[in-house]
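In listed order, ligands and their atoms are each counted from 1. Quick note: residue numbers are just sequence positions, from 1.
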Amino acid sequence: MRQSHLFTKTRKESPKDEISQNAQLLIRGGYIHKEMAGAYDLLPLGLRVFEKIKQIIREEMNALGGQEVSFTALQDPELWKETNRWKGEAVDEVWFKTELNGGTQVGLGFTHEEPMTRVMKNHISSYRDLPRYTYQFQTKFRNELRAKSGIMRGREFLMKDFYSFNRSDAELEVFYEEAGAAYLNVFRRVGIGDFTYLTFASGGVFSKFSHEFQCVSTAGEDTIYIDTDKRIAVNYEVMSDDILRDLGISKEALVEAKAIEVGNIFKLGTRFSEPLGLTFKDEDGVDKPVVMGSYGIGIGRLMGTIVEVLCDEKGIVWPESVAPFTIHLVELSQGDEKIRAYADKLYEDLTVAGIEVLYDDRDMRAGEKFADSDLLGIPHRVVVGKTTTDSAIEVVRRKNGNKGVVTREKLLAGIYHA
Ligand code: ATP
Ligand code: MG
């Protein structure tokens, strides 16, 4: 894409009403726009990153056997009354409720266990229909008390929510382990694997623990205790001597850190299948409730975390896997038609070679172009200027500033560094 065509512009100053680093950088780069606290629009560059993150998650969820669906945000109160989640202490603060013309109440979903369970009643009746796994990328609404963490805590936000339907606790247990491994794959693939820990957190009626995936960051709202050798952590909320003993963790080995919850997996047991009547006939013809689990990742939460954890004083640093473009081609022709023609041709040839290029073809000073390039955080900056020849094209790596020179041939083959 030609940067001269991109409608978004970068800005030097951080927006005054934004205290979180992720939103400041993303707004300055033109990735997102803030509508109000907890509500952000995705602009072209932001949408590209979002879609890449979604695709990585989609691949991992498909590998688990997940079938993608897309449910409505509008929720029927009658359904939620059956599970005691329409009114009450735990949910009153969270729900956005509204009404139809005429006064009928509806809710805007903050999660989807209820509708997902109800739909499955039409499709699951026998042990032969199980196991089943569903997931979606769907907009959730939560009336969050504080929304000061930029795109990491939205009042409207996209969640990947995955639901498992199994025949027994033992079957769920096996799947739950696989899901945890898939989550670690996701966080590794988006570039935060080294900082992200499987974390023991509070469970529910059906399990002692749930598991969070906590990414160490000073921007985090949670406190965790990490056993760096075992690469696991315990959330402050459940920390106790008893629990450490249960987990075989010694207190001395633990390191305290602030962390961002990027994902959460949860054994639900029959918490929803029982009240909603999702049952199956087992091999002996006996009716049993389906054993469920749920598994969430916030896409904006994850994108904001990547920004927080990998950025530097110059701006965003995207890992290649989620970057909006792979190459930032910056031409420094300063009116020299020959250099301009060389850069134009290189842009076309890279694009034909299937490489994603943002081409800074704007008529601006080199310093401004480089500052924008650093802010945008595209992994490889290719510079075309006076000294550029087919045998020597300068490439700068965003993450460490390392400069190298490659041939045109290598560049077109996707080899950016000698
Ligand atoms: P938190 O403790 O941070 O409020 P939660 O425990 O309420 O989150 P879950 O209900 O477990 O969150 O949601 C699953 C995932 O959805 C979380 O792990 C997180 O990645 C994401 N998520 C939750 N709330 C938000 C939000 N307000 N904005 C963006 N992502 C969110
Ligand atoms: Mg949680």
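Between Y416 and H380, the angle of the ring planes lies from 30° to 60°, which puts this pair in the tilted group. In this pair, F162 and Y135 present their aromatic rings parallel. The plane angle is below 30°, not in the 30 to 60° band.
Of all atoms in ligand 1, numbered sequentially from 1 with element shown, those under 4.0 Å from a heavy atom of G154 are 26 (C), 27 (N), 28 (N), 29 (C). Using a 4.0 Å cut-off to heavy atoms of R153, the atoms of ligand 1 that qualify are 1 (P), 3 (O), 4 (O), 26 (C), 27 (N), 28 (N). Under a 4.0 Å criterion applied to the non-hydrogen atoms of E144, ligand 1 contributes the atoms 24 (N), 26 (C), 27 (N).
Residue pairs meeting the ring-ring contact (aromatic ring centres under 6.0 Å, His included) criterion with at least one partner in residues 268-290, sequence neighbours excluded, do not occur; the list is empty.
With hydrogens and angles ignored, the 3.5 Å screen pairs a side-chain donor or acceptor of S168 with a backbone N or O of E171. Between the side chain of K369 and the main chain of R362, a donor-acceptor pair closer than 3.5 Å is present. Using a distance-only test at 3.5 Å, with no hydrogens or angles considered, a donor-acceptor pair links the side chain of D312 to the main chain of G315.
For atom 11 (O) of ligand 1, the nearest non-hydrogen atom from the set N264, I260, L145, T111 comes from N264. Of the candidates R155, E237, E261, M303, it is E261 that places a heavy atom closest to atom 2 (O) of ligand 1. Distances from atom 29 (C) of ligand 1 to the heavy atoms of F157, F213, Y295 put F157 nearest.
Contacts of M159 with ligand 1, taken as heavy-atom pairs under 4.0 Å, involve the side chain alone. When non-hydrogen atoms are compared, ligand 1 lies under 4.0 Å from the backbone of V262 (N, CA, C, O) but not from its side chain. Counting heavy atoms closer than 4.0 Å to ligand 1, residue R142 contributes side-chain atoms (C-beta onward) but none from N, CA, C or O. Heavy atoms of E212 found under 4.0 angstrom from ligand 1: none, in either backbone or side chain.
F157 has its ring centre no less than 6.0 Å from the ring centre of Y40.
E274 meets the salt bridge (Lys or Arg N to Asp or Glu O under 4.0 Å) test with no other residue; sequence neighbours excluded.
Judged by the shortest distance from any of its heavy atoms, G300 lies outside the 4.0 Å radius around the atoms of ligand 1.
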